[in-house]
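Below: the structure, in structure tokens.
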Amino acid sequence: MAKDIEKTTNPTPELEPRAKRAVEREPTRTGTWFRPDVDILERADEFVVVADLPGVDEQHVNVRLEEGVLSIEATPEREPDPSWTPIYTEYQTGGWQREFALSERIDAAKIQASLRDGVLELHLPKLDRHRPRTIQVQAG
Amino acid sequence: MTALGPVLRTTAFAAAPRCVHRGRRSRVMMEVIDVAWTRLFDPWPGDPWADFGRLRREMDDVFGRLVAAPRLGRGTPFPPVNLYETADGYVLTAELPGLQPKDVDVSIEGNRVTLRGERKIAVPDDQQTSLHRRERQSGIFRRTLELPQQADPEKAQAVYRNGVLWLHIPKAPEAQPRRIAVQGS
């Protein structure tokens, strides 16, 4: 299943946000969920996903890799006091959620995650066999 | 509670560059956009896409699916702020992920609160790194917010926690509600 998604929506890059694709999911969770802003970098040996999760600490974030789908779920550790009266609102609070289809080129066992000041940083190392290699050309 | 909302202005704001071409190395511009340009940003949350997002969420609910929607439309000033009124003052919250407390400057003058600072995002500029997605905003920001009533800057407290600034500002003594004891004659 995950592989099919990659093949149809992910011709070249290894990470593809699945925003356009509805995620089949049991409607078990309540509340409002938002999509965090992310930066995605690719280096020779890894992908780096950086996500803004303001208000989230390390106890309230859940990063999972399941069937080739990397999912980030987080909730803010503190909500505004219900006794406060909102008089001007630019942003809503709620959970954060986003999913990415990963190719098999990622070494799932070595994914590293860190969270600091509301920013999640994921390092997704590529499998050794997919790292670029320089081939020495020898004179014949 | 006041009938009119506080006045919000964005005087300087550097927008994030749009998403770059996937899988291709592109130059990322990180420059401060001048003040005249920033006026184009609508400081009021009248995002024309908001209803669309809501509709989509409702549809998602109908079909039993869950798709997280982008929360803020493009053009929302950075940082987004919320203002609450409490029994004795105001609480201003601002989402500033990835900053250090020393990167944010908060000043209160009368009933005007100003947040300013810079959010830096290091973008690698080497041949080995390619950028697939760049959505996080960076740049210099400065926002001024007018509180409905006079504040007491001496007693204001600012806490930066997990990327959110919580600013508690008590009302000035003369603006505090006062209880008048009714005496029997």
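Letters A, B, ... mirror the listed sequences (proteins, then strands); counts begin at 1.
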Under the side-chain contact (heavy atoms from CB on, under 4.5 Å) rule, what do B/Val81 and A/Tyr88 come out as? Steps first, then yes or no, please.
CA-CA 8 Å; B/Val81 300; A/Tyr88 181 76; 4.2 Å; yes

Run the numbers on A/Arg98 and B/Glu135 for salt bridge (charged side-chain N to carboxylate O under 4.0 Å, His left out), then give the verdict.
CA-CA 13 Å; A/Arg98 196 152 176 184; B/Glu135 297 169 352; 2.8 Å; yes

Can you list the steps and then say if B/Thr93 with A/Arg78 is a side-chain contact (heavy atoms from CB on, under 4.5 Å)?
CA-CA 12 Å; B/Thr93 62; A/Arg78 181 181 173 188; over 6 Å; no

For A/Glu90 and B/Asn82, what are the C-alpha separation, side-chain angles and deciding distance, and is it a side-chain contact (heavy atoms from CB on, under 4.5 Å)?
CA-CA 6 Å; A/Glu90 276 184 355; B/Asn82 283 348; 4.2 Å; yes

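Formation of a donor-acceptor pair under 3.5 Å by the A/Asp39 side chain with backbone atoms of B/Arg136 is found in this model.
With respect to chain A, the highest number of heavy-atom pairs below 4.5 Å among B/Leu96, B/Val91, B/Leu99 belongs to B/Val91. Between chain B and the residues A/Ser83, A/Pro80, A/Gly95, the most heavy-atom pairs under 4.5 angstrom are made by A/Pro80.
Note that CD of B/Gln128 and CG of A/Leu41 are 13.5 Å apart. Values are rounded to the nearest 0.5 Å. Rounded to the nearest 0.5 Å, atoms CD (B/Glu95) and CG (A/Leu53) are 10.0 Å apart. Rounding to the nearest 0.5 Å gives a distance of 12.0 Å between CZ of A/Phe100 and NE2 of B/His132. Taking CD of A/Glu58 as the reference point, atom CG of B/Asn162 lies at 7.0 Å (rounded to 0.5 Å).
Interface remark: B/Leu92 contributes no atoms to any contact with chain A (heavy atom separation under 4.5 Å).
Other residues, nucleotides and ligands contribute at most 12 non-hydrogen atoms within 6.0 Å of the CD atom of B/Glu109. A 6.0 Å sphere centred on CD of B/Glu154 holds no more than 12 heavy atoms belonging to other residues, nucleotides or ligands.
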Which donor-acceptor pairs under 3.5 Å do the side chains of residues 111-119 of chain A make with protein atoms, sequence neighbours left out?
residue: A/Asp117; atom: OD2; partner: B/Gln100; partner atom: NE2; Å: 3.3

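Between A/Asp81 and B/Thr86, every side-chain heavy-atom pair lies at or beyond the 4.5 Å cut-off.
Looking at every heavy atom in both residues, A/Ile87 comes nearest to B/Pro148 through CD1-CG, 3.9 Å.
Residues of residues 166-173 of chain B lying within less than 4.5 angstrom of chain A, judged on heavy atoms, are B/Trp166, B/His168 in numerical order.
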